[in-house]
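This report concerns only the one structure given below.
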Amino acid sequence: MSIEIVSVNKQFGSFTALNDVNLTVPSGELTALLGPSGSGKTTLLRIIAGLETPDAGSIRFDGEETTDRHVRERQVGFVFQHYALFRHMTVEENVAFGLTVKPRKERPSKKEVRERVHELLRLVQLEGLADRFPSQLSGGQRQRVALARALAVEPKVLLLDEPFGALDAKVRVELRRWLRRLHDEIHVTSVFVTHDQEEALEVADRIVVMNKGRIEQVGTPAEVYDQPANPFVFDFLGSVNLFHCRSEQGQARAAAPELSMGYVRSHDIEVERRQSDGAVEAEVRHIQAVGPAVRVELLVRGTGKTVEAELSRDGAERLALGLGETVYARPRKMQTFVADYQI
Amino acid sequence: MSGTSAKSVRTRTEPAPVRWLLIIVAFLFLGLFLFVPLAAVFAQALEKGWDAYLVAIREPDALAAVKLTLITAAVSVPVNLVFGVVAAWAIAKFEFRGKQLLITLIDLPFSVSPVISGLIYVLLFGLQGWLGPWLQAHDIKIIFAVPGIVLATVFVTFPFVARELIPLMEAQGKDEEEAAITLGASGFQTFWRVTIPNIKWGLLYGVILCNARAMGEFGAVSVVSGHIRGATNTIPLHVEILYNEYNYAAAFAVASLLALLALVTLVVKSFVEWRMRETS
């Protein structure tokens, strides 16, 4: 089912959580709402669910006006950041809850409920844990129970609020890959909120980048990463270095000669021993190995500005850099924006 | 390894003599001010023997007092149970104007002397009070009658349940309720199947304290009761009357009923506290 969000506004006291937001979530896709805290992404998710009411604007499910429909009737599955499992119920009772609260006429028999619950527990790989209580499960297991519980009522839309936010790093990565595979299996229209760009880039079909209650850009992971619409998106989706654009970047000069800045990702900076076209002279200030990469902090001569280059381990070993040495940094790929945004 | 940890414990806490001194002082104090009087109540009650004790508590006025106390508790505890849950729900789950005022008002009976609480009702419903003439014209008796006693008791005991539930429900947040609603549960189903199971031990704890106070309240009830023997005397008031008549054995015999209630309350309370720790 597709979701349309039309001119939605939401105010909390004097704080504007959402400012004229328009968005269409296509049917069957996995969409990420990505943004820093306070960007309005969770509010938007809760408005889609019906847990909050927009001050203005409307929500349509498959073109049908849904704004005034109660949460209960929207048939959404909502997965909460802190799972919100019913603590006094077993895993089985938690998953069955949505089925057992149905009106008597629609309610499946006890046997059907049992079968459905066990089918779902198989799907989330928690079959053996049906009789456990939430307090006896790990974070990752709780999150999967929450997911099974939301799926039990066969929702038309699955909404997940920071689904991996409360997990430790390794479990996070495992679980988000698993979620991606699950989505490929069941194809329910899904929206998840995250502040982690890596998570959004890895899992989502489409990314909606939000900032200060507005949508900055909507696109596939490749689009938002490679062609960011503005400096905010560029900055939010990865490391950033600023270069003044008076160098020989023809395109940049044409766009806005004096005011524009060149945005370069750390891994798009080439560090060389010899001067070459478009390179700036810099001094090595700091070298740090981070996992598979080596981060080198460079002080650009004559400007007092620092840039950060990310080299591969091999590359760094070949250069054999030492602190205080002079090198030449050349942006391989640069993007320019009119300078209305400061980092 | 064990040597260093023992040493670090020693450096972190007070020296043994200080610890023991503090513990002994605490126990002596409690013994002197709580245990000795409690023992004295039972000793005095049984001073003239078991038969005299039974006669004293079977005496018609005493039985009437017990009955009235039970009626009062039977009305005020359920009323405050409902009020407490409603108020705690409103405060913990909703944002609204005047929330702080509501919290302050709930605490009012704790900060006001019970005698004043009773006087308020006399001023409202008494013969010279605001509603007195109207009530008299319609032949409704509140002051110096059972309704007044119940009203005063409800007023004095209404913070107990609410006070117990507000922090508990605030700590639990509203995620589980929201989850229930998104899964299609109605308001009542959410309340009955999600909220109540989560707060039941806290609720029971509040009810026990509320009940203990309802049965033991003296000040507020004393003002509105009129001390009519066999009609408007609760157990605490009856004890006072017997005592003022120098009928010590009977006074202590009836008082021992309240003391027993206190002991039962303590045991149940400890059990509930233990359960609350287990479940949380």
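In the text below, chain A, chain B and the rest are named by the order of the sequence lines, each starting its count at 1. As the structure is a prediction and not an experimental result, all values here were calculated from the model.
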* Structure fact -> Comparing B:K174, B:E178, B:Q172 against chain A, the one with the most heavy-atom pairs below 4.5 Å turns out to be B:E178
* Asked: So does A:R180 have more than 12 non-hydrogen atoms from other groups sitting under 6.0 Å from CZ?
  -> yes
* What is the distance from atom CZ of A:F86 to atom OG1 of B:T190, rounded to the nearest 0.5 Å? -> 7.5 Å
* To do: Check whether any side-chain heavy atom of A:F80 sits under 4.5 Å from a side-chain heavy atom of B:E176, and report yes or no.
  => no
* Heavy-atom distance under 4.5 Å to chain B: side chain of A:T100, backbone, both or neither? -> both
* Which of residues 79-113 of chain B have a heavy atom under 4.5 Å from any heavy atom of chain A? -> none
* Structure fact -> Honestly, the part of A:A152 sitting under 4.5 Å from a heavy atom of chain B is neither
* For residues A:V101 and B:Q189, report the shortest heavy-atom separation together with the two atoms involved. => O-NE2, 3.1 Å
* What part of B:E177 is in contact with chain A, defined as an atom under 4.5 angstrom from a non-hydrogen atom: side chain, backbone, both or neither? -> neither
* Asked: Of the backbone (N, CA, C, O) and the side chain (C-beta and beyond), which part of A:R149 lies under 4.5 Å from a heavy atom of chain B, both, or neither?
  -> both
* **A:F78 vs B:L183, side chain to side chain contact (heavy atoms under 4.5 Å, CB included): CA-CA, chis, key distance, verdict** => CA-CA 8 Å; A:F78 201 101; B:L183 291 165; over 6 Å; no
* Heavy-atom closest contact (A:A84 atom, B:A179 atom, distance) -> O-CB, 4.0 Å
N/O donor to acceptor pairs below 3.5 angstrom from side-chain atoms of residues 26-36 of chain A, sequence neighbours left out:
residue, atom, partner, partner atom, Å
A:S27, OG, A:M1, N, 2.9
A:E29, OE1, A:R206, NE, 3.3

* To do: Give the minimum heavy-atom separation between B:R193 and A:H88, together with the two atoms involved.
  => O-NE2, 2.9 Å
* Asked: If you round to the nearest 0.5 Å, how far is CD1 of B:I181 from CG of A:L51?
  -> 7.5 Å
* Tell me, please, which residues at least two apart from B:D175 pass salt bridge (charged side-chain N to carboxylate O under 4.0 Å, His left out). => none
* Count the heavy atoms of every other residue, nucleotide or ligand shown that sit under 6.0 Å from CZ of B:F35, and state whether that count exceeds 12. => no
* Are the side chain of A:R72 and the backbone N or O of B:A185 linked by a donor-acceptor pair below 3.5 Å? -> yes
* Do any of residues 204-219 of chain B come closer than 4.5 Å to chain A, heavy atom to heavy atom, and if so which ones, in number order? -> none
* Structure fact -> Rounding to 0.5 Å, atoms OG1 (B:T182) and NE2 (A:H70) come to a distance of 11.0 Å
* Heavy-atom distances under 4.5 Å only: say whether A:L85 touches chain B with side chain, backbone, both or neither. => backbone
